[in-house]
Peer 1: 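Below you will find the structure I want to go over with you.
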2 protein chains.
Amino acid sequence: MSSKPTMRDVARKSGLSIATVSRVINYPGEVPAETAEIVTAAVRYLNYRPNINGRRLKMTHTRTVGVLVPTLANPVFATSVQGIEQEANEEGLTVLLTSSNYDPEREMGAVSALLNNRVDGLILTLANADNNPVVDLLLAEKIPFVLLFNQPERADIAAISVDNAQSAFDITNAMIAKGHRSLVMVAGQFESSDRSRQRYDGFCRALDQAGIEKKHLVQVRFGETDLVEPLRDLLLGPDAVTGIVCSTDMLAIAAISACRAHGLSVPGDVSVGGIDGISVGGLITPKLCSAVQPTQQMGRQALAFLRGLIKGQTNPQSLLLPHHLSDGDSIGSIRGSSRRRSSTRV
Amino acid sequence: MSSKPTMRDVARKSGLSIATVSRVINYPGEVPAETAEIVTAAVRYLNYRPNINGRRLKMTHTRTVGVLVPTLANPVFATSVQGIEQEANEEGLTVLLTSSNYDPEREMGAVSALLNNRVDGLILTLANADNNPVVDLLLAEKIPFVLLFNQPERADIAAISVDNAQSAFDITNAMIAKGHRSLVMVAGQFESSDRSRQRYDGFCRALDQAGIEKKHLVQVRFGETDLVEPLRDLLLGPDAVTGIVCSTDMLAIAAISACRAHGLSVPGDVSVGGIDGISVGGLITPKLCSAVQPTQQMGRQALAFLRGLIKGQTNPQSLLLPHHLSDGDSIGSIRGSSRRRSSTRV
DNA sequence: TCTGCCAATGTAAACGTTTCAAATGTTCAT
DNA sequence: ATGAACATTTGAAACGTTTACATTGGCAGA
């Protein structure tokens, strides 16, 4: 007997029927203690473990949820997955994880694979939530899903996010409040992230409100961490900026590094702010100023939300969680003289 | 017809048998182009997607691998999972991800859940690879598995890792070479990570070789990022250290932060070195000196390795990948005067 | 003793695949 | 015309569960 023991084997061993065994395993309460004991003894003796695939085939639901994130390399997504996992674990749900690498093309393939697995529902962070074929597919097939970090325009889609535009608005304002008038936003490419665009909108709104005309934008491929060249002109050129607003903390950390590489100090010469609130931001020097979102909590919420949808709860609601500005020291007051000196130095 | 279309539906629609449909889907080459066309038309028309659970039940293998990591919050593991995912994706394998949160108790539960899913094999990063009940279970059940980051004592277990002791030895030596004689290692608790212990061993070996008697050790819970108190005495006390070797880069970043909090500069007053080589280490100031392991590559390798075992390749081999020291500037030459000044300053 | 009821257990039919063995058709040399 | 050889296709039996329904037996009430 080399193959794995099945329920039938347990039944034979315990002299009971396969149905009783099944009941002992799934509804322990509905079976007399003695029989349960016999069965569990056989289970232990044979080292039996239920084949979940048999169950999944029979049952209408699989107690499995699919998760799609752009990448695990950015701690903001890794942390959200942690939250999802925790909550899933507590509920005895299995998580199927995939990543798109920010590639809209791969999103469909990944979701397709998840659907083939007959997941009960999905948690997705999409490149672009609006006009997305994946969203259309899911709606058409009536598969419950929750968007995470996306802020779709349509109101009938469940989504958990912070207010992206407002986050960017706030961090930008924090710089403006310190006297900065010449700012650039460093953002991931808009095609790869609607968050990027929304955050850029918030950045622009803040500048507009302050009556600042000049709006610089530097876009980089996702995963790129070398900002030395992309920022050269804006840091050293004739109309050099004094503040860099980054659409993610990862970019902010890279921006600080680039400033240093150009001989500029942060926040002495240039101020830098980020968005996301990844934990490492609080450990580096200067401590990163960021619009912090409750990332892990958002993951948990997303799963809780999804469970509701799976249970049949209708009318998906979007949830905008509050963000807050962290008290870092990567944003400083403008000091015209210091900035001039360092920019002429090169 | 609200329920999902099945293969039977496709067969009916295309006027062919269910067996032919199956063949078109699984072995497209072995079927005349015309019939294939008819079938795929029906598939498209019905929006049919194969139910993987049906297949998994019938087949002996599931084309699914289970992955267990301590946490995704540490980029070193997140990155390795990225590597695993990439390779799995290319092979059309599904990844089931779980995390133990460094808790040995939870390892068994997590692996058990993965086995219930009938994964074809496992990639595990265990708290402690030696005398581990999970390892025993897997060996007993003859489930292929590969350890990642673990360096087990037994030679008959497949494992992919760098040489942990040697990594620590090298980074420690780098400090000694700069004149440091008073060193501490900051490590995660040994019960939660055999890597920690192995790295501590390497640290000790380097000190021994240099004839340094005093071996300081500070152990912290995993996930802990506040080292201000744990390091207070060793940074400010009478026999303050000049160098901190950390068993992970995350700890190293936290250690640098703690030094700053105590008014000490890195590397001016204290040198700090890490192990792992997480990417953010290269972006912060000072650039982190670290014993770098090819994390993502290790993930890919682990999966490639696992595929071999699943295919029946016997005699699992361990693989020690090379590490290298990164050229950072968190390790500086000893400057007795400077160190004294700053330590008396407080 | 019989009836009816209830608790405990068992029987058997799915669930959606894959795949072996068998059936059907087609081609071609004889 | 016959049948061998082959290319296609099909029927049907698993795979390991869950669960509606049937069966069993014990026991209370008459």
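Every chain is numbered from 1 and lettered A, B, ... according to where its sequence line falls, protein lines coming before strand lines. Since the model is a prediction, treat every value here as computed from it, not as a measurement.
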Peer 1: Atom OG in A/Ser80, atom CD in A/Gln301: separation rounded to 0.5 Å?
Peer 2: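 If we round to the nearest 0.5 Å, A/Ser80:OG and A/Gln301:CD are 13.0 Å apart.
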Peer 1: Give one of base, sugar-phosphate or nothing for A/Thr35, where a contact means two heavy atoms less than 4.0 Å apart.
Peer 2: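 The residue A/Thr35 makes sugar-phosphate contact but no base contact.
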Peer 1: To the nearest Å, how far apart are A/Met7 CE and D/dA14 P?
Peer 2: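 Rounding to the nearest Å, CE of A/Met7 and P of D/dA14 are 20 Å apart.
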Peer 1: At under 4.0 Å between heavy atoms, which parts of nucleotides 19-28 of chain D does protein reach? Answer with one letter per nucleotide, 5' to 3': B base, S sugar-phosphate only, - none.
Peer 2: B---------
Peer 1: Any donor and acceptor pair, going by atom type alone, linking the side chain of B/Asp120 with main-chain N or O of B/Val65 inside 3.5 Å?
Peer 2: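 Checked: no pair found.
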Peer 1: Hey, what do you get for CG (A/Leu147) to CG (A/Leu122), rounding to the nearest 0.5 Å?
Peer 2: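 Atom-to-atom, A/Leu147:CG and A/Leu122:CG are 10.0 Å apart.
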Peer 1: Testing the basics here: between A/Asp194 and A/Ala129, what is the closest heavy-atom pair and its distance to 0.1 Å?
Peer 2: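 So the minimum-distance heavy-atom pair works out to OD2-N, 2.9 Å.
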Peer 1: Indicate the ring-plane relationship of B/Phe149 and B/Phe77, choosing parallel, tilted or perpendicular according to the 30° and 60° boundaries.
Peer 2: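 Ring orientation, 0 to 90° scale: perpendicular.
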Peer 1: For the backbone of A/Glu105 and the side chain of A/Asp103, can you confirm whether one donor and one acceptor N or O come within less than 3.5 Å of each other?
Peer 2: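 Side chain of A/Asp103 to backbone of A/Glu105: a pair is present.
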Peer 1: Quick one: pull up CG in A/Asn101 and OG1 in A/Thr71 and give me the separation to the nearest 0.5 Å.
Peer 2: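 Nearest 0.5 Å value for the CG-OG1 distance: 6.0 Å.
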Peer 1: List the atom of A/Ser193, the atom of A/Phe222, and the distance in Å for their closest heavy-atom pair.
Peer 2: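 Where A/Ser193 meets A/Phe222 most closely, the heavy atoms are CB-CZ, 3.5 Å.
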Peer 1: Write down the distance between CG (A/Leu57) and P (D/dA14), rounded to a whole number of angstrom.
Peer 2: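 Between P of D/dA14 and CG of A/Leu57: 17 Å.
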Peer 1: Please name the pair of heavy atoms, one in B/Ser99 and one in A/Gln82, separated by the smallest distance, quoted to 0.1 Å.
Peer 2: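 Distance-wise, the nearest heavy atoms are OG-OE1, 4.4 Å.
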Peer 1: Which heavy-atom pair separates A/Arg56 from B/Asn53 by the least distance, and what is that distance?
Peer 2: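 Heavy-atom minimum between the residues: NE-OD1, 3.6 Å.
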Peer 1: Rounded to 10°, tell me the angle between the two end axes of the helix from C/dT1-D/dA30 to C/dT30-D/dA1, each built from five pairs.
Peer 2: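 Its terminal axes enclose an angle near 60°.
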Peer 1: Mind checking which nucleotides bracket the chain A contacts on DNA chain C, 5' to 3', with an atom under 4.0 Å from a heavy atom?
Peer 2: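 In short, chain A contacts DNA chain C from C/dA8 to C/dG16.
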